[in-house]
Amino acid sequence: MTTPKHVPKVSDERLCWLAVRDQLNKKANKLGPLGWLTALAGAGNRGGQRASGLGGDMRREGRADTMDDYAFAVDDAAGKLSAEERAHLRATGELPEWFLGEVERLAAVIKKQR
């Protein structure tokens with residue numbers, strides 16, 4: 001079986017990450033209730049940068065933690081791909097429909113363990 005030239009020669013786990021990275025990035029960037037509170041608190045404090053800087057730091061740290069959780073979850077979910085799903089991933093760069101939902105589930109489990 002030959003591999004198409006447009007698919008990089010990397011592991012299946014890395015291909016999975018490349019396939020879902022942009023979607024997960026958008027999810028990680030969404031502000032939850034705490035994120036909105038820190039953003040509003042920073043915007044209301046015009047006199048000093050400390051509060052807004054702290055809020056931004058908290059949001060960035062939370063986003064980084066979320067992306068770490070997603071990275072481990074993608075790696076775990078990649079192990080559940082069948083041989084046919086792996087072949088399809090290598091041929092097209094596409095993942096099965098269940099994959100992103102499984103990543104979300106696994107990321108929630110990882111977050112609880114943190």
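Source: prediction; values computed, not measured.
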Whether Asn25 side chain and Arg21 backbone form a donor-acceptor pair below 3.5 Å | no
Which value, rounded to the nearest 0.5 Å, describes the distance between Thr66 atom OG1 and Leu24 atom CG?
-> 10.5 Å
Are Leu18 and Leu106 connected in a single hydrophobic cluster, I mean Ile/Leu/Val/Met/Phe/Trp/Tyr linked by side-chain heavy atoms less than 4.5 Å apart?
-> no
Salt-bridge test for Asp65 and Lys111: reply yes if a basic N is under 4.0 Å from a carboxylate O, no otherwise.
-> no
Closest non-hydrogen atom pair, Arg90 against Ser11 = NH2-C, 3.5 Å
So if you build clusters from Ile, Leu, Val, Met, Phe, Trp, Tyr with side-chain heavy-atom gaps below 4.5 Å, do Trp17 and Leu15 land together?
-> yes
Can you tell me how far the CG atom of Asp75 sits from the CZ atom of Arg14, to the nearest 0.5 Å?
-> 11.0 Å
Taking all non-hydrogen atoms of both residues, which atom of Phe99 and which atom of Ala78 are closest, and how far apart?
-> CE1-N, 3.6 Å
Find the distance between CG (Leu89) and CG (Asp12) and round it off to the nearest 0.5 Å.
-> 6.0 Å
First locate atom CG of Asp69, then atom CD of Gln113, and finally report the distance between them rounded to the nearest 0.5 Å.
-> 9.5 Å
What is the minimum heavy-atom distance between Gly79 and Arg86, and which atoms define it?
-> CA-NH2, 3.7 Å
Any idea which heavy atoms bring Val103 and Ala77 closest together, and the distance?
-> CG2-CB, 4.0 Å
Between Val74 and Glu13, which heavy-atom pair has the shortest distance, and what is it?
-> CG1-O, 4.2 Å
Give the intermediate values and the outcome of side chain to side chain contact (heavy atoms under 4.5 Å, CB included) for residues Leu100 and Leu95.
-> CA-CA 8 Å; Leu100 199 54; Leu95 289 162; over 6 Å; no
From CH2 (Trp98) to CD (Glu85), nearest 0.5 Å = 5.5 Å
For residues Cys16 and Leu81, report the shortest heavy-atom separation together with the two atoms involved.
-> SG-CD1, 3.6 Å
